[in-house]
K.L.:
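Please find one structure pasted underneath; my questions will follow.
As the structure lists them, so they are numbered: ligands from 1, and atoms in each ligand from 1. Heavy atoms only: backbone and side chains are in, while hydrogens, waters and symmetry mates are out.
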Amino acid sequence: MPQTAPIALVCDSPHSGSTYPDDFGYSVALSDLRKCEDTLVDALWADAPKVGGTLIHAHFPRSYIDTNRACTDIEVAMLSDPWPGEVQASERCLTLGNGLVFSKTTTLADIYDRKLATSEIQRRIDSCWKPYRSALSEALRNTRAAFGRAWHLNLHSMPSNAYERLGRVSDTPLADVVLGDLHGRSCSPAFTRCVTDAFQALGYRVSINDPYAGQDLIREHGQPGTGCESLQIEINRKLYLDEETREPNARYSQTRRDVSHVLRVIAAFIQAEVANPTHRHTTEKTP
Ligand SMILES: [Zn+2]
């Protein structure tokens, strides 16, 4: 919750959880499984409440259930009995085993040596997916009720070999920070510009939608025409994390300070936008 006067900012970190539930039942090395985490992203952005924002983060790991996937993104081949609901498996689910419940680690090792019962998946949806999604929806609803508008930062980190992992070839090295706005649909160009400029001013290389444009959470909430702007932020793990041990690396403290500075720039942008209604709905064209 905000630790100072609240502003119209809600941050969420869906993938930084590292508390592995007793009923997970995985059969792969924990060190391999942990590479699915966005480890310490919640800690990097921990100053969000100090600028008046709300910060929501998961405790459970994203490999257990991924709250940034639709609950229809089910890999039916990993189940022991038929899924009773609708199924709309994404390409990442079918090709990389990274749907709602992961079947594979990021090194494509099988997470389970067994089939999962649909009741097991349903329990994870009820105990983790739904509460997380509800908490974020409620925070954004309350923010819009209080301020008329809301800005949502969906926070992640990416492996330093992201292009390889995605099976892509790029002419340029992976950026330090990747901002995803669903190719301009989830927030105004002005907000994407603000966050780009804030990172670039500190010397970070920023790319937009390459290689990550955003997933289910910003798709659900990012609707600038109705007053909610969502932006996904991916930070390159080499800037803060030992990717093998999952411990902070030598650059961690600097990166955390830089992120806190970016938060202050974003807070100033939001307060100016709320104070000046002429800036409203900047994605709308003048009639
Ligand atoms: Zn993530």
Side-chain angles (χ1 to χ4, degrees), residues 10-20 32-46 48 55-71 73 90-93 95-108 111 124 128-129 132-133 135-136 152-168 174-182 186-187 195 199 204 206-222 230-243 246 248 252 255-256 259 262:
V10 175
C11 303
D12 92 291
S13 173
H15 294 159
S16 51
S18 59
T19 303
Y20 284 71
D32 198 3
L33 198 52
R34 289 205 66 196
K35 289 175 186 159
C36 301
E37 296 170 10
D38 293 351
T39 315
L40 293 172
V41 163
D42 53 328
L44 277 183
W45 293 86
L55 173 61
I56 294 165
H57 63 95
H59 293 279
F60 53 88
R62 67 98 67 101
S63 53
Y64 182 71
I65 189 161
D66 190 338
T67 56
N68 198 24
R69 299 282 188 272
C71 64
D73 195 359
S90 64
E91 195 190 332
R92 271 180 82 166
C93 176
T95 58
L96 298 172
N98 295 171
L100 178 71
V101 172
F102 283 22
S103 65
K104 293 184 190 304
T105 66
T106 50
T107 54
L108 297 181
I111 294 176
R124 296 182 190 189
C128 297
W129 191 93
Y132 188 92
R133 301 279 292 217
L136 179 58
H152 166 216
L153 299 177
N154 182 233
L155 307 170
H156 300 265
S157 65
M158 57 187 175
S160 54
N161 63 348
Y163 285 121
E164 279 173 73
R165 288 237 188 123
L166 294 167
R168 292 193 204 168
L174 184 68
D176 298 323
V177 177
V178 175
L179 304 181
D181 64 4
L182 297 176
S186 69
C187 69
V195 181
F199 276 109
Y204 289 75
V206 179
S207 76
I208 316 287
N209 297 311
D210 174 21
Y212 302 105
Q215 281 286 340
D216 206 54
L217 285 166
I218 71 166
R219 201 174 291 127
E220 178 180 359
H221 295 293
S230 290
L231 183 66
Q232 176 176 282
I233 304 181
E234 299 264 8
I235 293 185
N236 194 320
R237 288 181 195 151
K238 73 176 183 193
L239 295 174
Y240 78 94
L241 189 71
D242 181 319
E243 293 180 77
R246 317 308 285 180
Y252 175 85
T255 301
R256 194 186 179 298
V259 165
V262 167

K.L.:
Any salt bridge between Asp242 and Arg237, counting N to O under 4.0 Å?
P.N.:
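Salt bridge: no.
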
K.L.:
Does any N, O or S atom of Glu234, backbone or side chain, fall under 2.8 Å from the Zn ion (ligand 1)?
P.N.:
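So Glu234 does not bind the Zn ion (ligand 1) by this criterion.
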
K.L.:
Less than 4.0 angstrom from a charged side-chain N to a carboxylate O is my criterion; do Arg133 and Asp12 meet it?
P.N.:
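Salt bridge flag = no for Asp12 with Arg133.
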
K.L.:
With the Zn ion (ligand 1) at the center, what angle do ND1 from His156 and ND1 from His15 span, rounded to 10 degrees?
P.N.:
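Answer comes to 100°, rounded to 10°.
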
K.L.:
Kindly say whether Asp181 contributes a backbone atom to a donor-acceptor pair with the side chain of Asn209 at under 3.5 angstrom?
P.N.:
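Such a contact is found between Asn209 side chain and Asp181 backbone.
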
K.L.:
Please verify the inter-ring angle class for Tyr240 with Tyr252; under 30° counts as parallel, over 60° as perpendicular, anything in between as tilted.
P.N.:
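Aromatic pair Tyr240/Tyr252 classed tilted.
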
K.L.:
What N/O/S atom of Asp38 gets nearest to the Zn ion (ligand 1)?
P.N.:
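Restricting Asp38 to its N, O and S atoms, the minimum distance to the Zn ion (ligand 1) goes to OD2.
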
